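Read through the structure below, which is laid out as structure tokens, and then see the notes.
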Amino acid sequence: MKKILLLNGPNLNLLGKREPGVYGKGTLQDIETSIKDMVEANGWAFEAFQSNQEGELIDKIHKFIGQDVGIIFNPGAYTHTSIALRDAIAGVDLPVIEVHISNVHKREEFRHTSLLAPVCYGQIVGLGSFGYKLAAQTFIEQF
Ligand code: DQA
């Protein structure tokens, strides 16, 4: 069965409390529940995972090698720093859609570069938590 992994990186466990003017008032639990409902209603399996540890995110990505899985990934600040996560995505040959809640291009310059985007299927930026839904819809319609 086709599956969607919703992966969130550092500090995204604080959604709802963290800089609500930038990231909104919804919690990560709200996002995970709405994507789960949407994905399962379309007959796909679903798993959600959040970690503040780079290595745990890498291990989770490796776990799905060879499986029929699409990954929706908000890597948080690792977007801008992690060659190791980039290599993990390139190494597993699974489609990954990178999602950012905020418009990183309107923010500090260090957020303008993604080390991961060149090895992702696509990127959704600045649409709030709706970006996760668009990513799920993309997998459901295109895979
Ligand atoms: C973020 C943007 C990153 O620059 C930041 O470090 C985050 C959240 C976003 O969803 O807008 O933690 O990925």
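As the structure is a computational prediction, the values presented were derived from the model and not from experiment.
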Point to revise | Pair Tyr121, Glu98: side-chain N/O donor-acceptor within cut-off below 3.5 Å | key: no
Check your understanding: Do Asp37 and Ser34 have side-chain N/O donor and acceptor atoms under 3.5 Å apart?
Key -> no
Practice item. Check whether any side-chain heavy atom of Leu85 sits under 4.5 Å from a side-chain heavy atom of Leu57, and report yes or no. Key: yes
Check your understanding: Under 4.5 Å between any side-chain heavy atoms of Phe139 and Lys2, yes or no?
Key -> no
**Study point:** CA sep, side-chain torsions, deciding dist, call: His62, Val92, side chain to side chain contact (heavy atoms under 4.5 Å, CB included)
**Key:** CA-CA 6 Å; His62 288 178; Val92 295; 4.1 Å; yes
**Study point:** Asp30 and Thr33: CA distance, side-chain angles, deciding distance, side chain to side chain contact (heavy atoms under 4.5 Å, CB included) verdict
**Key:** CA-CA 5 Å; Asp30 296 335; Thr33 303; over 6 Å; no
Check your understanding: Can you list every side-chain hydrogen bond (donor to acceptor under 3.5 Å, both in side chains) pair that touches residues 74-87, not counting sequence neighbours?
Key -> Glu54-Ser82, Asn74-Tyr132
Exercise for review: Report yes or no: does Asn8 contribute a side-chain atom to a donor-acceptor pair with the main-chain N or O of Pro75 at less than 3.5 Å?
Suggested key: no
Exercise for review: Taking His112 for its side chain and Arg107 for its backbone only, find out whether a donor-acceptor pair lies under 3.5 Å.
Suggested key: yes
Pairwise distance [atom1]([X]) to [atom2]([Y]) - rounded to 0.5 angstrom:
X      : Y      : atom1 : atom2 : result
Leu6   : Phe73  : CG    : CZ    : 10.5 Å
Leu134 : Ile72  : CG    : CD1   : 10.0 Å
Glu47  : Ile4   : CD    : CD1   : 12.5 Å
Ile61  : Leu5   : CD1   : CG    : 8.0 Å
Asn13  : Thr27  : CG    : OG1   : 11.0 Å
Arg111 : Asn103 : CZ    : CG    : 12.0 Å

When you group the ILVMFWY residues by side-chain heavy-atom contacts below 4.5 Å and let the links chain together, are [Y] and [X] in the same group?
X      : Y      : answer
Phe110 : Val22  : no
Ile89  : Ile65  : yes
Leu127 : Ile140 : yes

Point to revise | Aromatic Phe46 / basic Lys36 pairing, under 6.0 angstrom, 45° off normal | key: no
Check your understanding: Does atom CD of Glu109 have more than 12 heavy-atom neighbours, drawn from other residues, nucleotides or ligands, at distances under 6.0 Å?
Key -> no
Exercise for review: Begin from the C-alpha positions of Leu14 and Leu12 and carry the test side chain to side chain contact (heavy atoms under 4.5 Å, CB included) through to its verdict.
Suggested key: CA-CA 5 Å; Leu14 299 181; Leu12 292 160; over 6 Å; no
Check your understanding: Got a sec, which hydrophobics cluster with Val104, joining ILVMFWY side chains under 4.5 Å apart, including via others?
Key -> Val125
Point to revise | Residue pair Ala77 / Pro10: nearest heavy atoms and the distance that separates them | key: N-CG, 4.3 Å
Practice item. Please report the C-alpha distance between Leu15 and Ile101 in whole Å, then the side-chain angles of each, then the deciding distance to 0.1 Å, and finally whether the side chain to side chain contact (heavy atoms under 4.5 Å, CB included) criterion is met. Key: CA-CA 10 Å; Leu15 284 177; Ile101 295 168; 3.7 Å; yes
